[in-house]
Amino acid sequence: MATISKASQNKTGFFNSIVTRLSALFIAIIAVLLLLINTYFLTASRNMMFTSKQTSLETQASVISTSLSALDHLSKENVSQVFDILEVRDFARVVVVDPSGEELYSSRKDNDNISDSQIDEHLQRALAGRDVFYSRFYDDAFSSSISVPVMIGGVTAGAFCMSERDSEQGAVLIGLQDRARNLSIIIAALTVIATLIVLRMTMQRINKIMDAIVMVREGEYEYRIRVTGNDELTRLSSEFNDLTSRLQETEERRQQFVADASHELKTPLASIRLLSDSILQNDTMPEEMTREFITDIGNEASRLARTTEKLISLTRLDNNITPDRSRMDVAESVRSTLRLLQPLADERSVNISSELEPNCFVYASDDELRHITLNLIENAIKYNHDGGEIGIKLKEADGIVRFTVEDTGVGIPEEDLPHIFDRFYRVDKARSREAGGSGLGLAIVRSTVDELGAHISAERRAEGGMRFTVDFPCCPADPDSGSESE
Ligand code: ADP
């Protein structure tokens with residue numbers, strides 16, 4: 001439990017958390033987007049309304065302009081008559097001026113939110129021959145005016161301006177604006193809530209993985225993440241679980257190895273201690289017996305040395321220290337091993353026959369080949385009957401160099417076969433110990449074979465005894481030094 005609380009203590013601060021940062025980023029993006037959409041939408045609808053206002057005012061101005069142009073001149077009386085006939089009541093104001101700017105006609109003055117000075121300025125520009133349209137959205141309404149010149153006989157006889165205030169269209173625009181704003185608020189709120197929920201859920205899962213990593217780091221190798229869903233985090237969790245399983249396996253193997261190795265070293269040490277104590281405590285021990293005890297001490301010491309040497313070899317293999325490899329003739333290594341083991345074979349009256357084909361080259365180091373040939377042939381002698389036979393074959397076919405060691409010895413029971421390559425595994429403990437074995441020889445062979453990309457198999461011979469077969473990938477002759485294979 002202490003480890004869980006430690007994991008929780010490591011939680012990231014609020015402002016450093018990915019959730020806070022991603023939420024802030026998301027919310028900022030949504031806010032900017034909604035603002036842009038709202039602004040664009042409202043500006044576009046306002047411009048559309050301005051355009052429709054301009055069209056409608058221009059149409060009406062053209063009717064008035066045509067009527068006024070039909071007069072032979074503009075005077076207060078005839079202009080009033082024209083406007084009486086036209087009944088232009090919908091406008092906030094209508095003003096007609098002569099070329100000097102003198103007012104000839106002015107209708108009632110409703111509030112159109114356009115100042116008199118602006119109207120005067122527009123009329124001046126109309127007298128100069130230009131149509132002037134003006135519109136603005138103010139006080140919840142559209143205030144628009146149009147000022148046009150009145151032409152009689154090709155001469156500017158005056159100008160008129162009419163203005164209006166349209167609060168109906170204004171209400172439509174305000175309605176649109178309100179609806180767009182309300183919709184934006186709803187979208188923003190939903191987005192924020194959804195973002196926070198999704199990010200929170202994601203962070204909870206990431207935190208679970210982080211907690212699990214801390215737990216495993218603290219040594220709780222059996223801890224697993226509960227895997228749900230089918231996304232990247234699910235994959236990460238199951239990869240983590242697989243990794244933890246492998247770690248757990250390695251750790252268990254390591255612990256087992258240390259326990260076995262200590263036991264293996266402890267046994268001969270205890271024997272040495274016992275034998276030396278016996279010699280020391282027994283003053284009257286006959287010399288012959290003392291010699292026997294000292295010989296036993298020597299044997300135990302040799303066994304210790306052999307076991308230590310094998311442990312060192314295994315550690316080297318475990319640490320993947322790549323030895324100096326080159327193109328090696330396996331027959332050479334076998335012959336050298338046979339020379340070394342011949343005295344042991346003679347001691348047991350074991351007859352060794354070998355058929356070693358030439359040109360069986362593999363890519364390996366001298367030590368690696370020695371590990372394989374020495375352990376297999378030594379076992380064939382150690383676990384043979386006195387006067388037994390050993391057959392060694394080496395041949396090359398289809399790119400495979402096959403090395404076989406057969407013996408007529410005690411053999412290995414079928415149920416033990418799957419375990420013989422395990423570290424410290426012995427089929428017959430007493431016999432192995434007697435033969436000076438440590439249960440590490442075949443484990444070294446297996447690790448070496450794996451390192452070389454080769455393959456090893458063990459089978460019981462029908463006639464009794466064992467057959468060990470190693471298949472190496474053949475190392476073809478280097479084209480630059482082709483003569484070597486001959
Ligand atoms: P050891 O150092 O005890 O010989 P190994 O790893 O070389 O350890 O072999 C493991 C066990 O497999 C041995 O203890 C022995 O019981 C059995 N074994 C290995 N080779 C043979 C063989 N050729 N015939 C019978 N038993 C064998």
Side-chain angles (χ1 to χ4, degrees), residues 252-318 337-352 367 370-371 373-388 390 407-413 416 419-445 465-466:
E252 279 167 6
R253 273 218 312 269
R254 191 187 66 82
Q255 282 177 5
Q256 184 63 43
F257 181 70
V258 171
D260 289 345
S262 331
H263 178 76
E264 213 51 49
L265 299 175
K266 226 168 60 188
T267 318
L269 280 175
S271 304
I272 291 173
R273 184 75 202 264
L274 208 71
L275 290 164
S276 58
D277 280 356
S278 307
I279 298 171
L280 285 176
Q281 282 160 15
N282 194 345
D283 295 337
T284 55
M285 189 181 271
E287 193 182 329
E288 198 181 322
M289 197 175 184
T290 314
R291 274 185 160 282
E292 214 174 277
F293 274 31
I294 291 175
T295 312
D296 285 350
I297 290 176
N299 287 342
E300 290 299 327
S302 310
R303 194 216 298 243
L304 258 183
R306 270 199 308 277
T307 308
T308 319
E309 210 169 283
K310 286 190 174 173
L311 282 173
I312 292 171
S313 298
L314 265 179
T315 314
R316 275 213 197 100
L317 285 163
D318 284 349
T337 305
L338 285 176
R339 276 195 295 277
L340 199 77
L341 291 175
Q342 196 55 55
L344 185 66
D346 292 345
E347 218 175 89
R348 306 279 316 274
S349 309
V350 170
N351 180 45
I352 304 177
D367 278 352
R370 177 57 63 91
H371 283 323
T373 54
L374 187 86
N375 281 304
L376 293 182
I377 301 173
E378 191 183 18
N379 280 352
I381 302 172
K382 280 194 309 191
Y383 302 107
N384 218 321
H385 302 294
D386 287 349
I390 295 178
D407 64 64
T408 55
V410 294
I412 298 173
D416 289 299
H419 308 291
I420 53 166
F421 295 105
D422 294 351
R423 292 171 185 194
F424 300 106
Y425 191 84
R426 294 168 172 123
V427 178
D428 180 344
K429 288 197 176 23
R431 190 182 181 113
S432 165
R433 209 172 276 284
E434 198 182 298
S438 58
L440 290 173
L442 288 182
I444 292 176
V445 173
M466 289 299 297

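Note that the structure is predicted; figures quoted are calculated from it, not measured.
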Would you tabulate the side-chain donor-acceptor contacts of residues 289-297 under 3.5 Å, counting partners in other chains and residues two or more places apart, or write 'none'?
unit_1: T290; atom_1: OG1; unit_2: P286; atom_2: O; d: 2.9
unit_1: T295; atom_1: OG1; unit_2: R291; atom_2: O; d: 2.7

Item to complete: Determine whether the side chains of S438 and T307 contain a donor N or O and an acceptor N or O closer than 3.5 Å.
Response: no
Fill in: Any side-chain donor near an acceptor of the partner, D260 and S262, under 3.5 Å
no
To the nearest 0.5 Å, what is the distance between [atom1] ([X]) and [atom2] ([Y])?
{"X": "N299", "Y": "L304", "atom1": "CG", "atom2": "CG", "value": "11.5 Å"}
{"X": "T267", "Y": "I272", "atom1": "OG1", "atom2": "CD1", "value": "11.0 Å"}
{"X": "I390", "Y": "L341", "atom1": "CD1", "atom2": "CG", "value": "8.5 Å"}

Taking all non-hydrogen atoms of both residues, which atom of [X] and which atom of [Y] are closest, and how far apart?
{"X": "V427", "Y": "P413", "value": "CG1-CD, 3.5 Å"}
{"X": "E378", "Y": "L344", "value": "CG-CD2, 4.1 Å"}
{"X": "P268", "Y": "L265", "value": "CD-O, 3.5 Å"}
{"X": "K382", "Y": "R348", "value": "O-NH1, 3.2 Å"}
{"X": "L374", "Y": "T337", "value": "CA-CG2, 3.5 Å"}
{"X": "H385", "Y": "V410", "value": "CE1-CG1, 3.7 Å"}

Worksheet item: Of R316, H371, R423, which meets side chain to side chain contact (heavy atoms under 4.5 Å, CB included) against I444?
Response: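 Testing I444 for a side chain to side chain contact (heavy atoms under 4.5 Å, CB included) against R316, H371, R423 leaves exactly one candidate, H371.
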Discussion item. Pair L338, T373 - check side chain to side chain contact (heavy atoms under 4.5 Å, CB included), show working.
Written reply: CA-CA 9 Å; L338 285 176; T373 54; over 6 Å; no
Please tell me if the side chains of [X] and [Y] come closer than 4.5 Å, counting only heavy atoms from C-beta onward.
{"X": "V350", "Y": "D407", "value": "no"}
{"X": "Y425", "Y": "L442", "value": "no"}
{"X": "N375", "Y": "K310", "value": "yes"}

Discussion item. How about CD on E309, more than 12 heavy atoms from neighbouring residues, nucleotides or ligands closer than 6.0 Å, or not?
Written reply: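 No, CD of E309 has 12 or fewer neighbouring heavy atoms, counting only those of other groups under 6.0 Å.
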Fill in: Enclosure of Q255 CD (heavy-atom neighbours >12, cutoff 6.0 Å)
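For Q255, atom CD is crowded (more than 12 foreign heavy atoms under 6.0 Å).
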Worksheet item: Step by step, would you call F257 with L314 a side chain to side chain contact (heavy atoms under 4.5 Å, CB included)?
Response: CA-CA 11 Å; F257 181 70; L314 265 179; 4.1 Å; yes
Worksheet item: Between N282 and S278, is there a donor-acceptor pair closer than 3.5 Å when you use the side chain of the first and the backbone of the second?
Response: no
Fill in: Ion pair check, E300 and R303, cut-off under 4.0 Å
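Salt bridge present between E300 and R303.
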